[in-house]
Colleague: 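Please read through the structure below; I'll follow up with questions.
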There are 4 protein chains.
Amino acid sequence: MGSTPQARRSDTRERIQKTALDLFVSRGYEKTSLREIAEELGVTKAALYYHFKTKEDILTAISEDLGRPVDELIAWAEEQPPTLDTRRELMTRYSAALKSAMPIYHILQENQATLRDLAVGRTLRNRVEAISRLMHTGDADFDTHIRVASALLTVHFGAFTLDRLGGTDEEKRQALLKVALETIGAPAGQSG
Amino acid sequence: MGSTPQARRSDTRERIQKTALDLFVSRGYEKTSLREIAEELGVTKAALYYHFKTKEDILTAISEDLGRPVDELIAWAEEQPPTLDTRRELMTRYSAALKSAMPIYHILQENQATLRDLAVGRTLRNRVEAISRLMHTGDADFDTHIRVASALLTVHFGAFTLDRLGGTDEEKRQALLKVALETIGAPAGQSG
Amino acid sequence: MGSTPQARRSDTRERIQKTALDLFVSRGYEKTSLREIAEELGVTKAALYYHFKTKEDILTAISEDLGRPVDELIAWAEEQPPTLDTRRELMTRYSAALKSAMPIYHILQENQATLRDLAVGRTLRNRVEAISRLMHTGDADFDTHIRVASALLTVHFGAFTLDRLGGTDEEKRQALLKVALETIGAPAGQSG
Amino acid sequence: MGSTPQARRSDTRERIQKTALDLFVSRGYEKTSLREIAEELGVTKAALYYHFKTKEDILTAISEDLGRPVDELIAWAEEQPPTLDTRRELMTRYSAALKSAMPIYHILQENQATLRDLAVGRTLRNRVEAISRLMHTGDADFDTHIRVASALLTVHFGAFTLDRLGGTDEEKRQALLKVALETIGAPAGQSG
DNA sequence: GATGAATGAGTTTTCATTCAT
DNA sequence: GATGAATGAAAACTCATTCAT
């Protein structure tokens, strides 16, 4: 009898994820209450519980969706030989993958204290650590570790610290990547 | 076993700060309740309120105590000419100042979402931004900004990401500083 | 003994208002804690917060419900010409309206210090002042102001001061109204 | 060795009473904390406890000081014959006594809910009731009771409701007294 | 696919009061 | 004549979560 005003095949689950993501980014995970999410969406808190078992579950779903490119990158990197070239390639691809995954890294970075106790926090940190581990693979050299750490911080957090700087996000990303690549060292076949 | 149970003329204020700092670092600011601090100390919640007007006030006091070296560094840097040498010197001194100030930066980093609404958060961020601003002074060159940002991230957060790496904290700090200095460029009178 | 323990579709909101009103009247607004209201009702404090956003909100709801007759009277009076007859009619109707509204005026009177800071206090005082203003309309004569003030105090608070006196509440109300009408002066067309 | 800045023979007790009175009037008894009183005075809370056993004790002392004229009036009235003339004389003297005693009546009126549980509240109400009883003495006539109640309300609270009206406090007091005297009836030897 | 009603456990904060010094 | 330090009890409020409908 007539069409429902609701979209068919309820998109509510996705709408919850989207709204939650926005709020988690702008207000923090802990400081965002389910009431806020529900109100913003025009549904009740109970509705959230129909779609997700817990608050953490919402973040888990978001993390899975947005983190997929990075997970795929990790899978790829695990197949590669541990050379400097791989490292540079991985850094480049990682920087690209971060474009879409950035919001969850933002959440991870700004809510570490809270995420410490949560399973999803473990998952998120595991991703970061996997990249880090893969980047370090192939040598236990102290200096290299330091350089890789610096490079990773650069591609990872650089964007957050450059709000006031002119230029597009993409330009900044490219520039940060360039510095990171310099830091981890010249590609094979080039003189240092 | 037979030690003075209670000092006269109260060292309680300092004990509160110390205990709070430990808990803020290990469990996060928001997740640390005043009940926990009080219990850990063997006093009542009301005792905390005798010494500090609010929970935030405790963090403010900690921030003032631990941040003093950085504040002094900022004052010093504001008197210096905006040369590359100054920048390098500032980076070196900053790295040193962070040795004692690290815990509050740790708190700032891991509780950004929470500290967003707090006056003490503003103060802490102001300190970071002051250093950043002073480091960028003297030219508006895009590439330099990127490099300085990368270098700052390195001395700032490097230590956090190197838990698993061998070597003393001091060794790591020196190594990170070296990379940071490389990143912002050679000192005057040397060939790049 | 065997009555329905819990109504569906919740009459709880009304039960809260009723219980709160009783307690606000008998123990005072400030001295009545939400815990007391909740215990008296056999629900948890959180249940109160499901139905009302704040403690003040409960009083606001009560004030709206009980004050409606007075609000309607104010609306009526604003349409009338500012004659002595109107004043007498208003006084008479006001005395009648107070029959049901009395509890909130009781609360207002006995908790003025507390209600000073509350928005609902403003609302309540506005009602009193509106009646007072309407009663004074039409002349700025000093003596009349004094008489109107006296008359209003009489219908307003008279009942509170006559607890020990015999007679029904209605008899007292009528007698107080008579004195009040005398005080503001004879009706048009009668010799003073 | 030089004169102390403190007044000799500590006037602190009086200063506490004065400050407390001001705050009790302007913010209410309950809403005024001992901390506030102490801070306003530049002493510690403990100092208040040196001079007064409890918070209530401060109000009790104030009540005794300011209420003395009324207590004396009550003593006087108890000696008088219960005639209409006495009633009019009592009303006149009461109105005069209220000039200085007003602040405690203000406190009583605005904090009834709080003062309900306090011994000092009993004392204050007793004073009001003594006047009321003395005023009603001599006949049990219903109509007279009503009139006396109205008249008392007028001299008692009239001033509170006439803030916005022009004229000095003394003018208002006189005018209110005149209306009150009219209400309780003509003096002996005059035609009603 | 969702709601209305409720809960239990927790939070920060405030207050009058006490007492050794 | 006062203070510094502390307490116990309570307050208002928030939150993630549950469940019958």
Side-chain angles (χ1 to χ4, degrees), chain A residues 4 6 8-13 30-38 41-58, chain B residues 6-13 16 30-38 41-58, chain C residues 6-13 30-38 41-58, chain D residues 4 6 9-13 30-38 41-58:
Chain A
T4 45
Q6 301 274 120
R8 68 205 112 84
R9 275 308 207 103
S10 179
D11 59 340
T12 305
R13 197 184 149 91
E30 187 105 334
K31 306 274 274 187
T32 301
S33 72
L34 294 185
R35 181 173 53 68
E36 270 175 297
I37 299 174
L41 266 154
V43 299
T44 62
K45 266 185 291 172
L48 305 185
Y49 278 90
Y50 177 79
H51 291 284
F52 297 93
K53 260 180 49 159
T54 64
K55 182 183 181 184
E56 188 184 349
D57 249 44
I58 302 178
Chain B
Q6 200 84 11
R8 241 166 294 129
R9 250 321 174 73
S10 195
D11 59 336
T12 306
R13 197 185 149 92
I16 292 170
E30 189 107 331
K31 306 275 274 188
T32 301
S33 72
L34 295 185
R35 181 177 51 70
E36 270 176 299
I37 299 174
L41 267 153
V43 297
T44 61
K45 269 178 291 168
L48 305 186
Y49 278 93
Y50 175 75
H51 292 283
F52 297 93
K53 262 177 49 169
T54 63
K55 181 182 180 184
E56 188 183 348
D57 247 47
I58 302 179
Chain C
Q6 200 85 9
R8 241 164 294 129
R9 249 328 175 67
S10 194
D11 58 336
T12 306
R13 198 186 149 92
E30 189 105 333
K31 306 275 275 188
T32 301
S33 72
L34 295 185
R35 181 177 51 70
E36 269 176 299
I37 299 175
L41 267 153
V43 298
T44 61
K45 267 179 293 166
L48 305 186
Y49 280 94
Y50 175 75
H51 291 284
F52 297 93
K53 262 177 50 170
T54 63
K55 181 182 180 184
E56 187 183 349
D57 247 46
I58 302 179
Chain D
T4 46
Q6 299 276 120
R9 274 310 206 101
S10 179
D11 58 340
T12 305
R13 198 184 148 92
E30 187 105 334
K31 306 274 274 189
T32 301
S33 72
L34 295 185
R35 180 173 54 67
E36 269 176 298
I37 299 174
L41 267 153
V43 299
T44 62
K45 266 185 291 172
L48 305 185
Y49 278 91
Y50 177 80
H51 291 284
F52 297 93
K53 260 180 49 159
T54 64
K55 181 183 181 184
E56 187 183 349
D57 249 45
I58 303 178

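For the numbers below, each heavy atom of this structure counts, side chains included, while hydrogens, waters and symmetry mates do not. Proteins get letters first, then strands, A, B, ... in listed order; numbering begins at 1 in each.
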Colleague: Hey, could you give me the CZ/OH distance between D:R13 and D:Y50, rounded to the nearest 0.5 Å?
Modeller: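 Between atom CZ of D:R13 and atom OH of D:Y50 there are 11.0 Å.
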Colleague: May I have the distance from A:R13 (atom CZ) to E:dA2 (atom C1'), rounded to whole angstrom?
Modeller: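 Interatomic distance, CZ of A:R13 to C1' of E:dA2: 16 Å.
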Colleague: Rounded to the nearest 0.5 Å, how far apart are OG1 of D:T44 and CG of D:L34?
Modeller: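 Taking OG1 in D:T44 and CG in D:L34, the distance rounds to 11.0 Å.
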Colleague: So which heavy atom on D:T32 is nearest to which on D:K55, and how close?
Modeller: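 Result for this residue pair: O-NZ, 2.8 Å.
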Colleague: Whole-Å distance between F:dT7 P and B:L48 CG?
Modeller: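 After rounding, the reported distance stands at 9 Å.
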Colleague: Going from OG on B:S33 to NZ on B:K45, what distance comes out if it is rounded to the nearest 0.5 angstrom?
Modeller: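 If I round to the nearest 0.5 Å, the distance is 8.0 Å.
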Colleague: Looking at F:dG1, F:dT7, F:dG4, which one has an atom nearest to any side-chain atom of D:Y50?
Modeller: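 So the side chain of D:Y50 is nearest to F:dG1.
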Colleague: How many angstroms lie between atom CG of A:L41 and atom OG1 of A:T12, to the nearest 0.5 angstrom?
Modeller: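 Interatomic distance, A:L41 CG to A:T12 OG1, rounded to 0.5 Å: 8.0 Å.
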Colleague: Do you know which two heavy atoms are closest between C:F52 and C:I58, and how far apart they sit?
Modeller: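 For C:F52 versus C:I58, the nearest heavy atoms are CG-CG1, 3.5 Å.
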Colleague: Could you encode protein contacts along nucleotides 9-16 of chain F as a string, one character per nucleotide from 5' to 3', using B for base contact, S for sugar-phosphate-only contact and - for no contact, with a heavy-atom cut-off of under 4.0 Å?
Modeller: -BSSBBBB
Colleague: Can you find a heavy atom in the side chain of B:V43 that is under 4.5 Å from one in the side chain of B:I16?
Modeller: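 Counting from C-beta outward, B:V43 and B:I16 never come under 4.5 Å.
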Colleague: Can you tell me the distance, in whole Å, between the CZ atom of B:F52 and the C1' atom of E:dT12?
Modeller: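 Rounding to the nearest Å, CZ of B:F52 and C1' of E:dT12 are 16 Å apart.
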Colleague: Dot-bracket for DNA chain E, 5' to 3', with Watson-Crick and G-U pairs under 3.5 Å, [ ] for crossing pairs and | for other-strand pairs: what is it?
Modeller: .||||||||||||||||||||
Colleague: For F:dA6 and B:H51 - does any side-chain N or O of the residue sit under 4.0 Å from the phosphate oxygens OP1/OP2?
Modeller: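 Looking at the OP1 and OP2 atoms of F:dA6, one of them is under 4.0 Å from a side-chain N or O of B:H51.
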Colleague: Any non-hydrogen side-chain atom of C:E36 less than 4.5 Å from a side-chain atom of C:K31?
Modeller: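 In short, these two side chains do not touch, never coming nearer than 4.5 Å.
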